[in-house]
Amino acid sequence: MNRFLWLLMAVVSGALASCGSPSGKPGAGGIAISFDDHFIKEWYELRPVFQKYNAKATFFITCPDSLNAEEVSMLKQLEKEGHEIGFHGTVHAKSTELMAAGGPEGYIKAELEPGLRHMHAAGFRPTSYAHPGGNHDDRVDSVLLAKNFTILRDVAISRRKFKGFQLYAWPPRWMNAIYYAFDRQQKVDALMIDYDEVTEEEIAEAIQEVKENGTALMVFGHEPLYSAPSNGKYGFNVSFLAAVLREAHSRKLKFYTMSELPKVK
């Protein structure tokens, strides 16, 4: 128990030591929304809400070998409307395990090259990458950057549980890493907004942070849901996404794709 308490205190102390939104660029405040996996039809059906708030997002595609003609058409339409199509791996595997098993060459052959071939054949040239499961290390990152990805997105979670007990629940306004300071950083974290991960009030506070500090709030989710998840599903409530877009729009924030962030001068 003492060891557990020590670990908990260390985690909380580390978080508090770096809490708060950093300073960015005056007038650049915005939000970068992204989505992971292969819920293409479901994402496509969100177009009216994106159009309502003049919002754009990044869609990170995994298992692109299974893309059918209809899905490719949907993705091209999303791209035409200003959204970005990113890459989320060929088989959605643990990158560190692939690297340990086959080194950089094995990792590239298993997780990068096959999927990128399918993406290129479909007409997409992704320059942003989302780590499957948030799994990566410095070796993985170096390979991805060498393959010309300009930004690598990891996962940030505001609530953490251990054996059914909630260890912490950090307000997003304290989570320094989810705010892009327009410092050309290529390794970033985004806050997961799947069901029950964060409240509308907390997001509103985070949006106020970026408005005041000239940063970009980075958030992401998975499958669009219209009710509480069941049967092992995971994803975000569509009404919650609409609230995020509405709040960002009302604050006159800019909507960024992930690959745009390092380009802002």
Side-chain angles (χ1 to χ4, degrees), residues 32-50 52 55 57-75 77-78 83-98 110-111 114-115 118-119 122 126 129-136 153-170 172 175 178 189-203 218-246 258:
I33 302 172
S34 55
F35 304 96
D36 291 2
D37 291 346
H38 203 103
F39 304 105
I40 296 165
K41 183 177 180 180
E42 293 84 352
W43 294 333
Y44 189 77
E45 291 172 350
L46 296 176
R47 290 172 61 237
V49 72
F50 289 129
K52 180 178 181 179
T58 302
F59 300 92
F60 287 108
I61 309 301
T62 192
C63 304
D65 59 308
S66 64
L67 285 170
N68 59 42
E70 182 183 21
E71 290 174 331
V72 170
S73 178
M74 289 177 177
L75 289 175
Q77 182 62 31
L78 287 169
H83 303 287
E84 178 184 3
I85 309 304
F87 188 46
H88 195 39
T90 298
V91 294
H92 202 279
K94 289 186 177 180
S95 300
T96 55
E97 293 181 359
L98 292 175
E111 185 67 309
H118 287 286
M119 295 287 283
Y129 185 88
H131 295 293
N135 178 267
H136 67 111
R153 203 219 69 209
D154 200 350
V155 174
I157 300 175
S158 64
R159 289 168 171 79
R160 180 75 69 179
K161 291 184 177 180
F162 177 75
K163 294 185 177 180
F165 293 96
Q166 185 160 288
L167 297 180
Y168 61 78
W170 293 335
M175 300 172 66
I178 65 173
D189 295 338
L191 175 67
M192 187 162 68
I193 59 169
D194 282 352
Y195 207 87
D196 283 343
E197 287 291 335
V198 62
T199 67
E200 289 185 20
E201 181 181 6
E202 289 171 334
I203 281 291
M218 296 173 287
V219 301
F220 85 103
H222 293 89
E223 181 180 6
L225 301 174
Y226 296 86
S227 60
S230 60
N231 301 322
K233 283 190 173 184
Y234 57 93
F236 60 93
N237 192 297
V238 172
S239 64
F240 180 83
L241 173 66
V244 173
L245 298 179
R246 182 170 58 250
M258 293 303 297

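In this chain, residues are counted from 1 in sequence order. Predicted model only: the values in this text are computed from it and were never measured.
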*Assess whether side-chain contact (heavy atoms from CB on, under 4.5 Å) is satisfied between F220 and T58, documenting all intermediate values.*
CA-CA 9 Å; F220 85 103; T58 302; over 6 Å; no
*Walk me through it: do H131 and R153 pass the test side-chain contact (heavy atoms from CB on, under 4.5 Å)?*
CA-CA 6 Å; H131 295 293; R153 203 219 69 209; over 6 Å; no
_Trace of the side-chain contact (heavy atoms from CB on, under 4.5 Å) decision for V238 with L225_ = CA-CA 6 Å; V238 172; L225 301 174; 5.9 Å; no
*Show your working on side-chain contact (heavy atoms from CB on, under 4.5 Å) between M258 and Y129 and close with a plain yes or no.*
CA-CA 9 Å; M258 293 303 297; Y129 185 88; over 6 Å; no
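A search for side chain to side chain contact (heavy atoms under 4.5 Å, CB included) contacts involving D194 returns M192, E197, H222, Y234, F236, not counting sequence neighbours.
To the nearest 0.5 angstrom, I193 atom CD1 is 5.5 Å from F240 atom CZ. Considering CG of D189 and CD1 of I157, their distance stands at 10.5 Å, rounded to 0.5 Å. Considering NE2 of H118 and CZ of F87, their distance stands at 9.5 Å, rounded to 0.5 Å. Going from atom CE of M218 over to atom CE of M175 covers 10.5 Å, rounded to the nearest 0.5 Å. The CD1 atom of I61 sits 4.5 Å away from atom CG of L75, with the distance rounded to the nearest 0.5 Å. In this structure, CD1 in I85 is found 10.0 Å from CZ in F60, a value given to the nearest 0.5 Å.
A side chain to side chain donor-acceptor pair (under 3.5 Å) check over residues 63-73, counting only residues at least two apart or in different chains, returns the pairs H38-E71.
Using a distance-only test at 3.5 Å, with no hydrogens or angles considered, a donor-acceptor pair links the side chain of E202 to the main chain of T199. Put simply, the side chain of H83 gets close to the backbone of A57: a donor and an acceptor are under 3.5 Å apart.
Using cut-offs of 30° and 60° for the angle between ring planes, the F50 and F59 rings count as perpendicular.
In this structure, S239 and Y226 have side chains that are not in contact, with every pair of non-hydrogen atoms separated by 4.5 Å or more. No side-chain heavy atom of E200 sits less than 4.5 Å from a side-chain heavy atom of I203.
When every heavy atom of A130 is checked against every heavy atom of H88, the shortest pair comes out as O-ND1, 2.7 Å. Looking at every heavy atom in both residues, K233 comes nearest to P229 through O-CB, 3.4 Å. Between E111 and V91, the shortest heavy-atom distance links the atoms OE1-N, 2.7 Å. Across all their heavy atoms, A93 and P132 have their closest contact at O-CB, 3.6 Å. Across R47 and Y44, no two heavy atoms sit closer than the pair CG-O, 2.9 Å. The heavy-atom pair separating A55 from L245 by the smallest distance is CB-CD2, 3.9 Å.
The closest side-chain donor-acceptor pair between N135 and S95, if any, does not fall under 3.5 angstrom.
H92 pairs with exactly one of T62, D37, D36 by the side-chain hydrogen bond (donor to acceptor under 3.5 Å, both in side chains) rule, that one being D37.
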